[in-house]
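Here the structure is laid out as structure tokens; the discussion comes afterwards.
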Amino acid sequence: MMVGLFRCQERVLNDIQHGQHPRTGQLDVASLTVEQAQQELAWLAAQLHDANVAYHTKDAPKISDAAYDRLKQRNLEIEAAFPALKRADSPSEQVGAPIAEGFGKITHAQRMMSLGNAFDDEDVVDFDSRIKKYLGVGADTALRYTAEPKIDGLSLSLRYEAGRLVQAATRGDGTVGENVTENARTIDDIPQKLADAPDLLEVRGEVYMSHDDFSALNERQVAGGAKTFANPRNAAAGSLRQLDANVTRTRPLKFFAYAWGVLSEPLADTQSGAITRLNALGFQTNHLTVICSGPAEMLAHYHMIEAQRATLGYDIDGVVYKVDDLDLQRRLGYRSTTPRWAIAHKFPAELAWTKLEAIDIQVGRTGALSPVARLSPVTVGGVVVSNATLHNEDYIMGRGGDGQPIREGRDIRVGDWVQVYRAGDVIPKIADVDLSRRPVDAKPYEFPKTCPECGSDAVREAGDAVYRCTGGLICPAQAVEKLRHFVSRAAFDIEGLGAKQVEQFYADGWIRTPVDIFKLRERYGKGLQQLQNKEGWGEKSANNLFDAIDEKRVIPLNRVIFALGIRHIGETASALLANHYGSWAAFEAAVTGASVGEGPEWEELIGIDGFGTVMATSLITSMQQDAERASIDALIAELDVQDMVRAESDSPVAGKTVVFTGTLEKMTRAEAKSRAEALGAKVSGSVSAKTDLLVAGPGAGSKAKKAADLGVETIDEDAWLTLIGDA
Ligand code: AMP
Ligand code: ZN
């Protein structure tokens with residue numbers, strides 16, 4: 001028994017070191033219940049917090065980088081699948097860790113950010129197209145980017161006033177860092193004085209230790225009976241963050257400059273120009289920094305750096321791309337913790353070969369049949385993997401198109417040896433098939449034509465890569481998934497009615513569709529008490545549940561739309577719809593009256609910023625389907641759906657209805673629209689008596705005329721920018 005217990009603890013410890021939750025960590029995110037997801041998120045937040053403290057505050061990491069990345073990725077995945085469960089202290093919103101005791105605090109004059117990640121070529125191409133789209137430049141225009149190694153050290157911000165180093169601060173949590181000024185002064189690569197520098201200049205870069213210096217330091221540590229460091233980065237961090245600067249002085253630290261914070265005058269017009277200028281001012285800058293025009297060159301440079309990685313003499317963990325033009329950087333701006341104009345392209349994850357034992361089919365809320373590879377367990381990057389996603393039929397058949405086969409013409413069969421990898425996604429993927437090891441009797445996979453859960457036909461519509469169960473609400477898999485979604489945090493979030501209870505009620509036949517939830521008291525008030533023995537329901541708990549349900553009869557519009565669980569209409573899309581239409585009546589009328597692909601309702605729908613044709617089509621077809629519609633109408637009759645209230649803003653355009661027309665020269669439509677909406681304005685696609693303001697660029701035609709006829713105020717782009725304070 002003792003042995004068993006010990007083993008078990010050891011396993012748990014291993015799981016944690018490998019970045020996996022001991023109970024639910026191996027499950028696909030899609031198969032987690034809300035409770036499991038919530039528990040795992042709490043666990044992840046605690047693990048990541050501990051890991052951050054060990055790593056950033058104590059410089060003694062407890063888990064590997066790979067395990068850390070896995071925890072972080074898993075957290076992102078779960079948050080993406082259960083947006084409503086995202087914690088207030090979500091690790092995904094945090095940069096680094098709180099500062100250690102013993103150091104003075106410095107509030108950064110400008111936040112120190114983190115970087116978004118790219119894991120493969122496609123992510124880099126997407127990065128480039130995202131930027132072009134945001135800026136409104138044509139897909140065939142080549143934007144210039146800098147590409148440089150991502151140094152694996154710790155970032156430092158150096159403040160120079162009148163050319164003198166006055167302050168050095170670590171990143172800390174991005175807002176507040178540690179005062180390590182005296183320590184920074186001991187580093188040779190950091191100039192104490194600058195000639196010809198802007199009056200105020202914050203230089204940012206990476207403190208690191210070379211491989212040779214790291215080995216020598218560890219040897220000295222051993223000789224002196226002191227602790228050794230796990231890797232050069234921890235050695236660098238531990239050495240810089242010494243309370244006694246004299247200790248730092250004995251440590252061979254180096255510094256590369258690659259960025260800046262506040263400054264009294266610009267360093268240059270471009271990222272590359274600024275790097276050159278930093279170099280001229282006396283900083284070390286990385287010699288592998290180049291300018292690339294577009295993804296092809298970026299990727300070529302990435303592979304060049306990757307090939308040199310082992311011989312550089314210091315650790316790098318990827319390549320960072322940045323938009324070269326600083327004016328464009330300014331326009332692109334930031335997301336919560338990362339710039340839109342930069343991305344870190346990480347070096348790839350580990351790979352492993354294993355046997356494909358079986359292909360299982362899972363049925364989701366929207367009826368999609370998802371094939372899952374069951375694998376002989378194999379360790380990939382320290383984690384035991386036994387499932388991988390197979391995407392869809394085309395993927396399995398090696399057919400290409402949207403299916404993105406592992407290789408055109410190469411299909412995947414049960415019994416095959418497949419190569420598994422874990423890149424950015426927590427859910428492992430298959431990278432390759434070894435045809436030389438294919439069993440002679442292996443047969444091409446035949447995708448099921450019926451739903452494994454309800455036996456209804458599964459059909460694949462033209463243009464769709466996915467088979468869907470046609471069973472709708474008679475399909476238990478879909479019905480239960482829909483109900484689970486309906487009661488999830490971002491939807492109705494009814495206290496005491498979680499995924500588990502909903503499943504139980506479904507199994508007992510008490511709830512089939514969402515509206516049944518609101519009929520529970522009326523229909524089963526008595527029966528629920530009888531359920532007492534079985535499920536622990538007493539009269540009191542039943543009444544508490546009914547009260548909690550009644551409380552949610554009054555509910556904001558965006559939650560209702562999201563709760564419907566319409567394919568492609570997630571939390572963000574629901575909020576966009578709710579904000580745009582304002583009330584259930586307006587929303588319902590618009591969607592009911594709309595036709596796919598034509599007419600004013602359609603135009604209005606796809607005109608909503610952030611809303612596309614796929615979402616619009618899905619919304620219309622779903623809401624116009626009879627059974628679905630009846631179920632929605634019955635639900636709405638039980639509810640008091642709250643209209644949306646516009647966010648308060650003191651901008652002069654708040655609450656105004658604005659129309660943009662003609663060519664905008666300083667920004668794209670998308671940019672103009674999101675800016676206006678952020679300030680509380682409502683952006684409309686057409687001029688009417690309700691329009692308050694028309695912003696007309698060159699080439700404005702009928703709208704400008706109509707505005708003039710209606711007496712709507714019309715201004716040009718510059719006047720608009722002045723009005724909103726962006727000039
Ligand atoms: P992360 O902490 O993984 O989000 O990555 C962001 C960090 O990468 C920054 O805070 C820097 O410390 C580091 N970094 C290393 N090299 C570069 C570089 N060339 N440009 C920007 N950041 C870099
Ligand atoms: Zn089914």
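Position 1 is the first residue of the sequence; numbering continues from there. Computation of the quantities below employed the complete heavy-atom set of this structure, encompassing side-chain atoms and omitting hydrogens, waters and symmetry-equivalent molecules. Both counts, for ligands and for their atoms, begin at 1 and track the order of listing.
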Would you give the angle at the Zn ion (ligand 2) between Cys475 atom SG and Cys454 atom SG, to the nearest 10°?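 With the Zn ion (ligand 2) as the vertex, SG (Cys475) and SG (Cys454) sit 110° apart.
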
If the Zn ion (ligand 2) is the vertex, what is the angle to SG of Cys469 and SG of Cys451, rounded to 10 degrees?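 About 110° at the Zn ion (ligand 2).
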
Considering heavy atoms of the protein only, find what lies nearest to [atom] and give residue, atom and distance to 0.1 Å.
{"atom": "atom 21 (C) of ligand 1", "result": "Tyr258 CE1, 3.3 Å"}
{"atom": "atom 20 (N) of ligand 1", "result": "Lys322 NZ, 2.9 Å"}
{"atom": "atom 2 (O) of ligand 1", "result": "Arg171 NH2, 3.2 Å"}
{"atom": "atom 4 (O) of ligand 1", "result": "Ser114 OG, 2.3 Å"}
{"atom": "atom 19 (N) of ligand 1", "result": "Glu148 OE1, 3.0 Å"}
{"atom": "atom 15 (C) of ligand 1", "result": "Ile151 O, 3.1 Å"}

So do Val176 and His108 actually touch side chain to side chain, heavy atoms under 4.5 Å?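 No, too far: nothing below the 4.5 Å cut-off.
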
Provide the number and element of each atom of ligand 1 under 4.0 Å from a heavy atom of Met113.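 Once the distances to Met113 are compared, the set is 10 (O).
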
With the threshold set at 4.0 Å, does a side-chain nitrogen-carboxylate oxygen contact exist between [X] and [Y]?
{"X": "Glu148", "Y": "Lys322", "answer": "yes"}
{"X": "Arg629", "Y": "Asp626", "answer": "no"}
{"X": "Arg331", "Y": "Asp327", "answer": "no"}
{"X": "Glu182", "Y": "Arg185", "answer": "yes"}
{"X": "Asp317", "Y": "Arg233", "answer": "no"}

Check contact between Met112 and ligand 1, using heavy atoms of the residue and a distance below 4.0 angstrom.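 Contact absent.
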
Would you say Leu115 and ligand 1 have an N/O pair spaced under 3.5 Å apart?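 Leu115 vs ligand 1: N/O contact under 3.5 Å present.
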
Is there a nitrogen or oxygen of Glu206 sitting under 3.5 Å from a nitrogen or oxygen of ligand 1?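 Yes: some nitrogen or oxygen of Glu206 is under 3.5 Å from one in ligand 1.
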
Side chain, backbone, both or neither: the part of Pro149 lying under 4.0 Å from ligand 1 by heavy atom: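 Contact part for Pro149 vs ligand 1: backbone (N, CA, C, O).
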
Using a 4.0 Å heavy-atom cut-off, which part of Lys150 comes near ligand 1: side chain, backbone, both, or neither?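 Answer for Lys150: both.
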
From CA spacing to verdict: side chain to side chain donor-acceptor pair (under 3.5 Å), Arg204, Tyr258: CA-CA 6 Å; Arg204 291 175 175 180; Tyr258 52 69; over 6 Å; no

Aromatic contact between Phe283 and Tyr160, with the criterion being ring centroids under 6.0 Å apart: yes or no?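 Aromatic pair counts; centres sit under 6.0 Å.
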
Quick one: which of Asp212, Asn286, Asp152 gives a side-chain hydrogen bond (donor to acceptor under 3.5 Å, both in side chains) with Tyr314?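 Single pass found, and it is Asn286.
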
